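Not measured: the values here are computed from a predicted model.
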Amino acid sequence: MNNIQDIWQKAKDDIGLYCADIPMGNMINDQSFIDRNPYIYLVYPYLFSDVLAYANDMVLSKLTVAGFLLYRSIIIKDAYLDNNQKTAGNKDYILVKDICQEEALRLLFQIFGTESEFWHYWNLRRSEYLKAEELNKQLNHSPFDSHSYEQLSDYKSTFGKLAIDALHILSNKQFTNEHDLLVRSHALFSVGLQIYDDICDIEEDYRNGQFNWALSNLPETPENTDIKTLKKLFFVSGVAKKAYRESIAYFDQAALTAKNSHCPYWIDVINSRKSKMYSELQVLEDYLAELSGNA
């Protein structure tokens, strides 16, 4: 495998070439969208191809483009449901979502045909994704439950596991143990990532009525407490430090789970996210210490 930066650039190029030949490709291949989202969503198949011993560049390229198109469609759908002004106010985005899904399926049918066992995994991941919204509603109307939150986080990101499933099938299921470890690692990684997203999205989730780890773990407050007060309470009450530490703990578990699969690129991704959390936690702790000193 080449340097991950080279792979990322190749993935961007492949996506650009593919989008140039499909309807509304200029909206799909939105550079600002690519730049503001984690690079892993462009290179998922390459992260796991070594450990699952699959090296057909043409197929990996198609898997990469298909994965990007699926991710793009999901983000558009989520933005529309959250009433994002840019997306909800532009009906073209709904067309873009549909085109992304159709083109992703077209590529996957080219790779696997119609009879492959891959479609069993497709149905499984689709079912998990649909369960995510149901879990979100359950969590919103009940006390915080860590097991349900883990499921929600895993299911929201479940289509990422399709890259692992696809390579498992393409390698003739020779590495079943590695496949299982990587799927479990991905689930744990998704929880750590979701906690971080919830830290960043407190206001947005509050406004849209979405379940949010940060808000759900706050000390009890009066029902009509405004979001500015809730955000302040999140940071000064110790809940923010707890959130960062729990996120780091999930990343640790994800790396430990993947260790025996000998998947260095995936572990590098996990450790990179963990380092980011450590850095932000340190900034938070320094800030709180300064506040305490000035009190």
Worksheet item: Any donor and acceptor pair, going by atom type alone, linking the side chain of D154 with main-chain N or O of S190 inside 3.5 Å?
Response: no
Discussion item. Which label fits Y149 and F211: parallel for a plane angle under 30°, tilted from 30 to 60°, or perpendicular past 60°?
Written reply: tilted
Fill in: For the student: nearest non-hydrogen atoms of I270 and S185, plus distance
CD1-OG, 3.7 Å
Item to complete: Assess whether atom OH of Y287 is packed by more than 12 heavy atoms of other residues, nucleotides or ligands within 6.0 Å.
Response: no
Worksheet item: Does the side chain of E178 come within less than 4.5 Å of L181's, by heavy atoms?
Response: no
Fill in: Residue pair I227 / L215, side-chain heavy-atom distance below 4.5 Å
yes
Worksheet item: Taking atom types as modelled, is there a side-chain donor on H179 or D165 under 3.5 Å from an acceptor on the other?
Response: yes
Worksheet item: Got a second to check how far C100's SG is from I76's CD1, nearest 0.5 Å?
Response: 5.0 Å
Worksheet item: Hey, mind stepping through W8 and Y46 against ring-ring contact (aromatic ring centres under 6.0 Å, His included) and telling me if it holds?
Response: CA-CA 9 Å; W8 182 73; Y46 294 102; over 10 Å; no
Discussion item. Please enumerate all residues that pass salt bridge (Lys or Arg N to Asp or Glu O under 4.0 Å) together with E203, with sequence neighbours excluded.
Written reply: K231
Fill in: Sidechain-backbone polar pair: S73 side chain, L70 backbone, donor-acceptor under 3.5 Å
yes
Worksheet item: Are any non-hydrogen side-chain atoms of F68 and I28 less than 4.5 angstrom apart?
Response: yes
Discussion item. Test salt bridge (Lys or Arg N to Asp or Glu O under 4.0 Å) on D78 and K156; report intermediate values, then the result.
Written reply: CA-CA 10 Å; D78 289 347; K156 284 180 70 173; over 6 Å; no
Discussion item. With a 4.5 Å cut-off on side-chain heavy atoms, are Y39 and I4 touching?
Written reply: yes
Item to complete: Give, for atom CD1 of I111 and atom CG of L170, the distance between the pair rounded to the nearest 0.5 Å.
Response: 7.0 Å
Discussion item. Check whether D201 reaches the backbone of E204 with its side chain - one donor and one acceptor, N or O, closer than 3.5 Å.
Written reply: no
Worksheet item: Would you say Q31 has more than 12 foreign heavy atoms packed within less than 6.0 Å of its CD?
Response: yes
Can I get a per-line list of side-chain donor-acceptor pairs under 3.5 Å for residues 248-257, giving both atom names and the distance, sequence neighbours left out?
from : atom 1 : to   : atom 2 : distance (Å)
Y250 : OH     : E150 : OE2    : 2.6
D252 : OD1    : K274 : NZ     : 2.6
T257 : OG1    : Q253 : O      : 2.7

Item to complete: Quick one: closest heavy-atom pair of P219 and V239, and the distance?
Response: CD-CG2, 4.1 Å
Item to complete: Look only at the side chain of E280 and the backbone of M277, and say whether a donor-acceptor pair between them is shorter than 3.5 Å.
Response: no
Discussion item. Looking only at the aromatic ring of each residue, does the gap between the centers of F159 and Y129 stay below 6.0 angstrom?
Written reply: yes
Worksheet item: Quick one: does N208's side chain have a donor or acceptor within less than 3.5 Å of a partner on Q210's backbone?
Response: no
Worksheet item: Does any non-hydrogen side-chain atom of V51 lie less than 4.5 Å from one of W266?
Response: no
Discussion item. Side-chain heavy atoms nearer than 4.5 Å, only ILVMFWY residues, links allowed to pass through others: does that put L17 and L69 together?
Written reply: no
Worksheet item: Is there side-chain contact between F234 and I199, with heavy atoms separated by less than 4.5 Å?
Response: yes
Practice prompt. Answer yes if the side chains of T229 and D226 hold a donor-acceptor pair under 3.5 Å, and no otherwise.
Written response: yes
Worksheet item: Heavy-atom distance under 4.5 Å between the side chains of E285 and L288, does that happen here?
Response: no
Practice prompt. Would you give the length of the straight line joining atom OH of Y206 to atom CD1 of I202, rounded to the nearest 0.5 angstrom?
Written response: 12.0 Å
Practice prompt. Please confirm whether the backbone N or O of L60 pairs with a side-chain atom of T64, one donor and one acceptor, at under 3.5 Å?
Written response: yes
Discussion item. How close do T176 and K173 get, counting heavy atoms only, and between which atoms?
Written reply: OG1-O, 3.4 Å
Worksheet item: Do you know which two heavy atoms are closest between L47 and C263, and how far apart they sit?
Response: O-SG, 3.3 Å
Item to complete: Check Y44 against A163 and note the closest heavy-atom contact, atom names and distance.
Response: CB-CB, 4.0 Å
Practice prompt. May I ask you to decide if D198's main-chain N or O and N212's side chain share a donor-acceptor pair within less than 3.5 Å?
Written response: yes
Worksheet item: In terms of side-chain heavy atoms, does H168 have a donor or acceptor partner in Y54 at a distance below 3.5 Å?
Response: no
Discussion item. Taking the ring of Y196 and the ring of W213, is the distance between their centroids below 6.0 Å?
Written reply: no
Discussion item. Angle between ring planes, W119 versus W122, binned at 30° and 60°: parallel, tilted or perpendicular?
Written reply: perpendicular
Discussion item. Closer than 3.5 angstrom, by distance alone: can the side chain of S148 be matched with the main-chain N or O of D145 as a donor-acceptor pair?
Written reply: no
Item to complete: Any chance you could measure Q138, atom CD, to E133, atom CD, to the nearest 0.5 Å?
Response: 11.0 Å
Worksheet item: In Å and rounded to the nearest 0.5 Å, what is the CG to CD1 distance from L52 to I169?
Response: 11.0 Å
Discussion item. Please determine whether residues I267 and I40 belong to a single hydrophobic cluster, defined as Ile, Leu, Val, Met, Phe, Trp and Tyr linked transitively by side-chain heavy-atom distances below 4.5 Å.
Written reply: no
Worksheet item: Could R72 and F33 be counted as a cation-pi pair, given that NZ or CZ must be under 6.0 Å from the ring centre and within 45° of the axis?
Response: yes
Worksheet entry | side chain to side chain donor-acceptor pair (under 3.5 Å) contacts in which one or both residues fall within residues 18-28, not counting sequence neighbours | Y18-E103
Worksheet item: L162 and L130: same hydrophobic cluster, using ILVMFWY side-chain contacts below 4.5 Å?
Response: no
Worksheet item: In terms of side-chain heavy atoms, does T158 have a donor or acceptor partner in E128 at a distance below 3.5 Å?
Response: yes
Discussion item. Working to the nearest 0.5 angstrom, can you tell me the gap between S261 OG and D50 CG?
Written reply: 11.5 Å
Item to complete: Say whether, by atom type as modelled, one donor and one acceptor occur between the side chain of S279 and the main chain of S275 under 3.5 angstrom.
Response: yes
Worksheet item: Are a donor atom and an acceptor atom from the side chains of D14 and S61 found within less than 3.5 Å of each other?
Response: yes
Practice prompt. Show your reasoning for whether side-chain contact (heavy atoms from CB on, under 4.5 Å) applies to Y41 and I34.
Written response: CA-CA 9 Å; Y41 296 112; I34 292 172; over 6 Å; no
Worksheet entry | F144 reachable from L233 in the ILVMFWY side-chain graph, under 4.5 Å edges | yes
